[in-house]
Each structure stands twice: as C-alpha cells, then as structure tokens.
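Below is one structure, written out as structure tokens; comments come after it.
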Amino acid sequence: MTVARTQQPSRPPHRRRRLNRDRITAILMLLPSILLLAIFVYGFIGQTVYTSLTDWSGLSLNPEINFIGLKNYNDLFTGLLDVRFRQDLVNTFFFTIFFLAGCLGLGLLLAVLLDQNIKGEGIFRTIFLFPMALSFIVTGTMWRWLFNPGGGVNRLPGVIGLQPLELRWLTDRTQILQFNWQDLPGIILLVVAAVLAWMAYRRWQRGRRNAARVTGGIAVVLALFVLLGGGKAIPTTALPETHGFNLAFIGIIIAAVWQQSGYTMAMYLAGLRGVPEELREAARVDGCNELQVYRHIVLPLLQPITLSAMIILGHISLKIFDLVFAMAGADNATTDVPGILMYLTSFRANQFAKGAAIAVVMLIMVAFVIVPYLYTTLRSEHEL
Amino acid sequence: MTGIQFRPRRILIYTVLVLAAAFFLMPIFMVVITAFKNPADINLETVWSLPNPIDLQGFAEAVNAFLPNLRNSFILVVPATILSALMGSMNGYVLSKWKFRGANIIFPLMLFGMFIPYQSILIPLFQFLNSIGLYGGIPGLIVAHVVYGLPITTLIFRNYYAEVPTEMVEAGSIDGAGFFGIYRHIMFPISLPGFVVVIIWQFTQIWNEFLFAVTLTSTDNQPITVQLSQLAGGEAVKWNLPMAGALLAALPTLLVYILLGQYFIRGLLAGSVKG
C-alpha cells in the first residue's frame, strides 16, 4: 500500500502525512468497538465454553471448580436425568419447521395478494407488519389469554352462533410423531444419505459422472450401514426414550407466525416489486395465465429471498425464549425449549456448568445457520 | 384496467386480505376490550363483547402498577439507544470510507455478535457486571445493550454511508478536512435518515428485550417486559390487568411504528444483512 502511495509524486508530502495520520485515527476510532465485541462476544463465548467443561455449580463465593471434559455434554445427550433437554431439542426442531412453513407460506400469500394493485395497500401492509414492533412478551401475554381454555379463541365460533371449541391449547399434553431417541443416529444418517443421493443425482444430470459416483457411493454405504443395524452401534441413552411433537406448541406456533409473517411479507413484497414488468408481460405474450406467470417466472426469482428469510427466522426460532416464557411460563416442561432450560439451570438451580453446556449447544446450532450465510452474503458483496 | 375491480377474482383477493387483516387485528381488539372491563364482567359468555360499562379503575390500577417499570424502561432505552447509535455511526464511517487491511475480516466478526443466542454469553456477562458492581442496576443493562447493539448499528450505518459518493469525501479532503472534519461537515449532516432508522430500531429492540432484563436486574430496576411477564404468570389472574399492562408496554413502540413506519421497515430489512 505504501509503495503505491510513493508512486504518486503529484501529492504534496504534508498531505500524505496527513492522510496516514487520518488512517491511524480511523482505526483508533474503531478500536473501542472492536475491543468491546472481542471481549463481550468472543471472550465471553470462550469463557462459557470453558465453564461448560467444568463442574461449577452453586453460589458460594469460592466454589471449587474442576475440569471434567465433555461430561456435561455427554449427560445432556445421553444421561437419564437430562431427558428434558433432549425433548427441548425435539421441540425446537418441530417448532422451527412449522414456524418457518407458516411464516413463509402466509408471508408469500399476503405479498402476492398485495402485489395485485390493491386499493388501500398501505393500510393492509401496516396491519400485517405491526406485530413486528411488539415485544415477544406482549405477544405472548395477549395470546396466552386468547388460548386460555375459557378464553377468546375457543369462544370465537360462538361469535357467529356456532358451538364453542373445547381445545386445551397450551395445556394439551398430547404428543404425536413419536420416535425413540436411540433411533436418532440412524435417522440422521439416513437423512444424510438421502441428501447425498439427491446431490449425486444432480451431479449425474450435469454430466459430472465421477463426482456423482463418489457421492452416490457414500450415500449407499451410509444407507447400508444403517439398514444393517449400524445406527444402534452409536451409543445414546441406556434405555429407550420416547420423544415427539407436543401439541401444546400449536398455540405458540400460531402466535409466532402472527408476529413474524409480516417480516416475510415485507421481504417478498420488496422482491416482487423488483421483478421487471417486461418479464411478466413476455410470459403473458407466450400464453401463460396469471398463475403460470407466478409459478414459472416470479417464484423462481424469489428463491434467494426465501433462503434469507429461512435463515433469519430459523436462527430466531433456534434461540426462542421470551415468547414461550410469556405464553406458557418457564416451568411448563411440555413447552420447554433450550433457551428456557438454560435460564432455569443457570439462574434458578445455579448449575452454571450445565447451563453453559446448553448455551454452547444453542450457539453451535445458530452458528451452523449463520456462519455460511454471513460468509456467502459478504463475499458476494465484495465481488460486486 | 376498468371493470377489473368487479371480477370474482378481485372479490376473492379482497376477501382473503380482509380476513387476514382481521386475524392480525384480533389480539389487539381482545386486549383493548379486556383491559377496560371490570374483572367481574370477564367470563366465558362475554369474552368477545365490548366492555359495558367501560371500567377505567382497572386500567388506572394497571398504570399505577406499571409506572415504575415504564420509567425504568425509559431510563434504560434513551441512553442505550443514543450511545449505540453514535458509536455505530462512527464505526460505519470508518468501515465504509476508511477501509483498512483486515477490515473485511473484522466486519463479519463484528456482525456475528448480533446473531448469537445471548445465553452463550450470559453467565460471563453476569459475572463481569457483578465484579464491577453494575449487576442489578440499569447502568449494567445499558452497557449490555450498547455493546450487543453495536453490530446492527454499525451494519446499518456502514450500508448507509457506502451510498455516499467517494468524491464528496475526496472533495472534503482536498479542502483540507481531516478524519473528523469530513465526519462533522460532510457525513454527519447527511446521516439524519440513517440516525432515524437506527434510533427507531434500537429503541424498539431494547424496549422489547427480555433475556438481559430478567437476568441482570433486581426487582426495583426491572423494565416493563419483566413486570408484564410476572403479572401474566399466575393462573387465576384478573385478566384485565395483564391486558392493560400489555397495552402500556406496546404503546411506545406501536406509536413509533405508526408514525415512522417506513424507517422501521428499513431497519427491519437491514437486519437481513444485504439491506
């Protein structure tokens, strides 16, 4: 960089010195923020990781803290006492799936409808988006009352003269889609095998025969491994353990979709407005009806938006805490999520080491989603 | 386009939109009618009927109960918002107009801080605030919100300043303005819309935040979200109180949204990094 500068004889020396001084000033002005984030984000994460490898619990002033390696993690995933954490992971999985599907579906529907030259579009947009300005605690409080067994939603059919519903919503104890935790390694491996098989198929289509053979081969080996009973060889819980989707989450999913689908609507609407009218017109000239224009022209163009929305909403649902806290309470095991369990374990039971381990698992889940996203968005920005 | 409005397809579209609007407004309607009911009038048969008569006493009771927490929230939100906005503006200026070697690595590392689950830093944060005597009070909460607000404020300002033509900065530089001169006379005066976006965003986020509030403050210093969550926690509650509380907690951010919605949406979309 300095070499390039000295090759510009037109620039007077005092200005060059000035510029260098300004560059240093600039870095100095950024330095406080860099240091704060280095300590408060990375330093603290490091400390949490370390804590998760110890047996620290209790509030005494000088607790005796021993390094115990990965025992906390081992307990969380296989220990008899930590069955609640495993159900929390399952809860998070199902919550994320339905929450994403709801937000993407409703958001896309509303955006497409608003894209039809609607009178009063601004008013509709304002109405669909206002829940985003509310706190999860406010949303949770409102919907807790609405889903109260004697509350608003069950009485809603009564408003138009029908029989009121008798649904239990947040207090429902039913669990569906049950599976045995011990089968989980096998299930995950099969999913991986299926993804690899699909990738192999795509590569084969594109003529990359050798790459397809390698990926396909791995998929077949994985599938055979599981089918021959290899999944059971991976150690999990000592006893069979049933987990599944708790129906009590339906109410929470509805509230979360109510709050967040305005966001996907706004993103999709911005995307729809970016589709050139000529493109749609060309498709119509080619004989497409409105529905086909959307299916073949518009929706494929919205795919990057869907991906961004899935990542942003997905990472929100992986760390969901306030909404569940306000709607179902912290002590309701049926509707527990890792965020709440971490809070209870650390700040009510003072088991800081185990709380830290739960937090690290949450961080890893979020990082899996966010790091590739940051990497690709920022890289494409630099290429421009 | 004439005549199109009356086709069945149009009627269907408007029907779906109106139903959706009813779905989105329903909870707010319920909150308002319940907040102004006499507790004795809240029962199965009348959940959806309008309050008759309108009971202001329950609402006044809620205002009294929530007033200290509303004050705490304001004492927290104002300084935290201003500080994080000012620091974000300076960071954005440096990262957009004074790029240095390594900036492309440092920026994503800073951004990562806004996506992490805060549970993963909560225990050390709690210990740290405790050790410097800020645990339990509002100043400690301000520190947390300023630091963890830096990534998003930096991101919004960086993207905002990136749109400012480099020629303007160079012109300032030729006129003899240095680092601070360019910021004060060129960048800062045109940052007003950027500041509005960032201030609205931070105000909403910090006002609505719950995890830090519930873990880092003692009873006297709790913001409104914590008080609301506790009031709604009991089973046999008089529902007019939490509903009035929800209304009070929602009002400031709702007002900002209604008055300055365009800026709010810009902040919202900026959160998806691409801007």
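Just so we're on the same page: letters track the sequence lines, and every chain starts at 1.
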Check for a donor-acceptor pair, side chain of [X] on one end and backbone N or O of [Y] on the other, with a separation under 3.5 Å.
| X | Y | answer |
| --- | --- | --- |
| B:S120 | A:L363 | no |
| A:K319 | B:Q119 | no |
| B:R10 | A:Q116 | yes |
| A:Y42 | B:L109 | yes |

Check whether [X] gets within reach of chain A through its side chain, its backbone, both or neither, counting any heavy atom under 4.5 Å.
| X | value |
| --- | --- |
| B:Y118 | neither |
| B:T225 | both |
| B:F112 | both |

How would you list, by chain and number, every residue that makes a ring pair (Phe, Tyr, Trp, His ring centres under 6.0 Å) with B:F203, sequence neighbours excluded? B:W207
Less than 4.5 Å apart, side chain to side chain, heavy atoms only: is that true for [X] and [Y]?
| X | Y | result |
| --- | --- | --- |
| A:V41 | B:I116 | yes |
| B:T204 | A:M132 | no |
| A:F347 | B:L122 | yes |

Going by the side chain to side chain donor-acceptor pair (under 3.5 Å) test, which pairs reach into residues 242-262 of chain B, not counting sequence neighbours? none
Which class fits the ring pair A:F40 and B:Y148: parallel under 30°, tilted 30 to 60°, perpendicular over 60°? perpendicular
